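Quick caveat: nothing in here was measured; it's all calculated off a predicted structure. To find a chain, count down the sequence lines: A is the first, B the second, and so on, and within it residues start at 1.
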2 protein chains.
Amino acid sequence: MLKLSKLTDYAAVIMAQIARQSDQAHTASELAQRVHLPLPTVSKMLKKLAKSGLLESRRGSHGGYVLSRSPVEITASDIIAAIEGPIGMTECSHADGDCELLNTCGVADNWQRVSQAIRTLLDCVTLAHLAQSNPIKLPVQLPIQSVTLPTTAASREH
Amino acid sequence: MLKLSKLTDYAAVIMAQIARQSDQAHTASELAQRVHLPLPTVSKMLKKLAKSGLLESRRGSHGGYVLSRSPVEITASDIIAAIEGPIGMTECSHADGDCELLNTCGVADNWQRVSQAIRTLLDCVTLAHLAQSNPIKLPVQLPIQSVTLPTTAASREH
DNA sequence: GGGAAAGAGGACTAAAATGGTCCTATATGG
DNA sequence: CCATATAGGACCATTTTAGTCCTCTTTCCC
């Protein structure tokens with residue numbers, strides 16, 4: 001479905017919640033309540049986000065989590081990558097050369113360009129965007145379809 | 001990883017293979033050889049693609065599969081949707097209202113816009129693009145980052 | 001008509017990823 | 001020193017994924 005895992009979705013929700021009050025620290029249980037998700041799950045997510053450097057944590061009483069950067073400097077890519085690892089549509093779009101089909105598949109190059117475009121798109125979306133309700137404008141307009149129209153037989157020569 | 005399943009990847013490879021000789025019918029075993037994938041798997045994919053209307057099939061000897069439309073009229077979206085179902089980053093970007101967090105998550109709207117942008121992007125990529133090796137140009141340019149820079153405290157009022 | 005060559009449609013299974021819980025250790029503040 | 005937090009894993013159930021296999025139907029050709 002080309003979709004995010006639930007956990008990544010949770011992560012986004014949690015991050016947005018923190019971003020809305022980015023001047024104070026938030027504990028796992030506080031966030032769990034706000035977001036209506038079970039504490040252990042929220043806690044796990046927070047740890048991951050902290051480990052990836054998107055959040056900073058302080059232990060002990062009065063501890064909690066804070067954004068490590070301003071919401072405008074944290075992108076959707078960052079959040080997704082923190083939970084799911086590198087963004088890429090196909091295995092071969094990031095792993096190095098362990099796809100033995102590479103030669104025969106004939107599709108890798110352009111798939112990777114598509115991957116790159118999606119990454120670019122997600123780089124443009126910041127946590128500040130996600131946390132607010134104003135609609136964001138994205139740099140892809142709908143009816144582009146800017147396709148060269150080769151004759152159907154153009155693929156024949158080989 | 002926001003990635004396609006292997007099978008979807010296979011589907012793209014198979015479709016591209018067919019597109020390169022779109023004037024003749026291709027059998028499952030022929031394609032399996034060409035693409036270096038096991039026959040049962042290829043066969044399964046072809047059935048799915050046919051069932052989704054991207055391929056037309058003819059049974060019996062001299063049977064096989066043909067594209068149901070020209071490669072320029074088949075998009076990456078079509079192929080992905082055929083194997084994985086509707087494209088959407090989050091559950092709530094297509095299921096109707098069965099997410100009880102919708103009210104509290106506060107992120108849904110903009111996630112859906114991002115989803116939509118990705119769909120748009122994938123609508124622009126045709127099978128003709130994938131099947132050829134020329135680099136495609138996609139309507140997302142890199143250093144946009146056209147973000148309004150609100151003060152970090154702009155989120156405080158509530 | 002009969003047989004071979006193909007696809008249609010599922011049932012089934014092994015392996016891996018996902019989502020979620022829980023426990024122990026460590027740090028911090030009062 | 002105790003209460004409150006996070007850190008870091010171990011662990012488990014469930015679902016999804018990838019892959020195989022079997023039986024049935026259609027079509028062509030001799």
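- We find that CD of B:Q24 is positioned 14 Å from P of C:dA6, with the value rounded to whole Å.
- With rounding to whole Å, A:H26 atom NE2 is found 15 Å from D:dA5 atom C1'.
- Formation of a donor-acceptor pair under 3.5 Å by the B:E84 side chain with backbone atoms of B:S5 is found in this model.
- Rounded to a whole Å, the CG atom of A:D9 is 11 Å from the P atom of C:dG20.
- Put simply, A:S43 has no side-chain N or O that comes within less than 4.0 Å of OP1 or OP2 on D:dT6.
- Atom-to-atom, CG of A:L46 to P of D:dA7 comes out at 9 Å; the value is rounded to the nearest Å.
- Remark: B:T27 is not in phosphate contact with C:dG7, judged by side-chain N or O atoms under 4.0 Å from OP1 or OP2.
- Looking at residues 55-67 of chain A, you'll see A:R59, A:G60, A:S61, A:H62 sit with a heavy atom under 4.0 Å from some atom of DNA chain C.
- Axis angle across the helix from C:dG1-D:dC30 to C:dG30-D:dC1, with five pairs used at each end and values rounded to 10°: 10°.
- Among the heavy atoms of the strands lying under 4.0 Å from A:K47 is at least one base atom, whether or not backbone atoms are also near.
- The shortest side-chain heavy-atom distance between A:N134 and A:H129 does not fall under the 4.5 Å cut-off.
- Side chains of A:R113 and A:Q116: a donor-acceptor N/O pair is absent below 3.5 angstrom, by distance only.
- In this model, the phosphate group of D:dG19 is approached by a side-chain N or O of B:Y10 to a distance below 4.0 Å at OP1 or OP2.
- Computed from coordinates, the A:L39 CG to D:dA5 P distance equals 11 Å when rounded to whole Å.
- C:dA17 atom P lies 19 Å from atom NZ of A:K6, rounded to whole Å.
- Of the candidates C:dG9, C:dG20, D:dT20, the closest approach to any side-chain atom of A:L7 belongs to C:dG20.
- Exactly one residue among B:L54, B:I14, B:L49, B:L46 makes a side-chain contact (heavy atoms from CB on, under 4.5 Å) with B:Y65. That residue is B:L46.
- Comparing A:K44 and B:K44 against DNA chain C, the residue whose closest nucleotide sits nearer the 5' end is B:K44.
- Distances shorter than 4.0 Å separate none of the side-chain N or O atoms of B:S29 from OP1 or OP2 on C:dA6.
- Between A:K3 atom NZ and D:dT15 atom C1' there is a gap of 11 Å when expressed in whole angstrom units.
- Rounded to a whole Å, the CD atom of A:E84 is 11 Å from the C1' atom of C:dT18.
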With side-chain contact (heavy atoms from CB on, under 4.5 Å) as the test, would you mind laying out the steps for A:E73 and A:L127 before giving the verdict? CA-CA 8 Å; A:E73 295 170 320; A:L127 181 55; over 6 Å; no
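- Across every non-hydrogen atom of B:P71 and B:A19, the tightest pair is CG-CB, 4.1 Å.
- Of the inter-residue distances, the one linking B:S77 atom OG with B:D123 atom CG reads 3.5 Å to the nearest 0.5 angstrom.
- Put simply, the side chain of B:R59 never gets that close to the backbone of B:G63: no donor and acceptor are under 3.5 Å apart.
- Applying the 4.0 Å criterion to OP1 and OP2 of C:dA17, one finds that A:S5 has every side-chain N and O outside that range.
- Panel note: side chain A:T8, backbone A:I83; no donor-acceptor pair is recorded below 3.5 Å.
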With side-chain contact (heavy atoms from CB on, under 4.5 Å) as the test, would you mind laying out the steps for A:D9 and B:W111 before giving the verdict? CA-CA 9 Å; A:D9 201 8; B:W111 253 165; 3.3 Å; yes
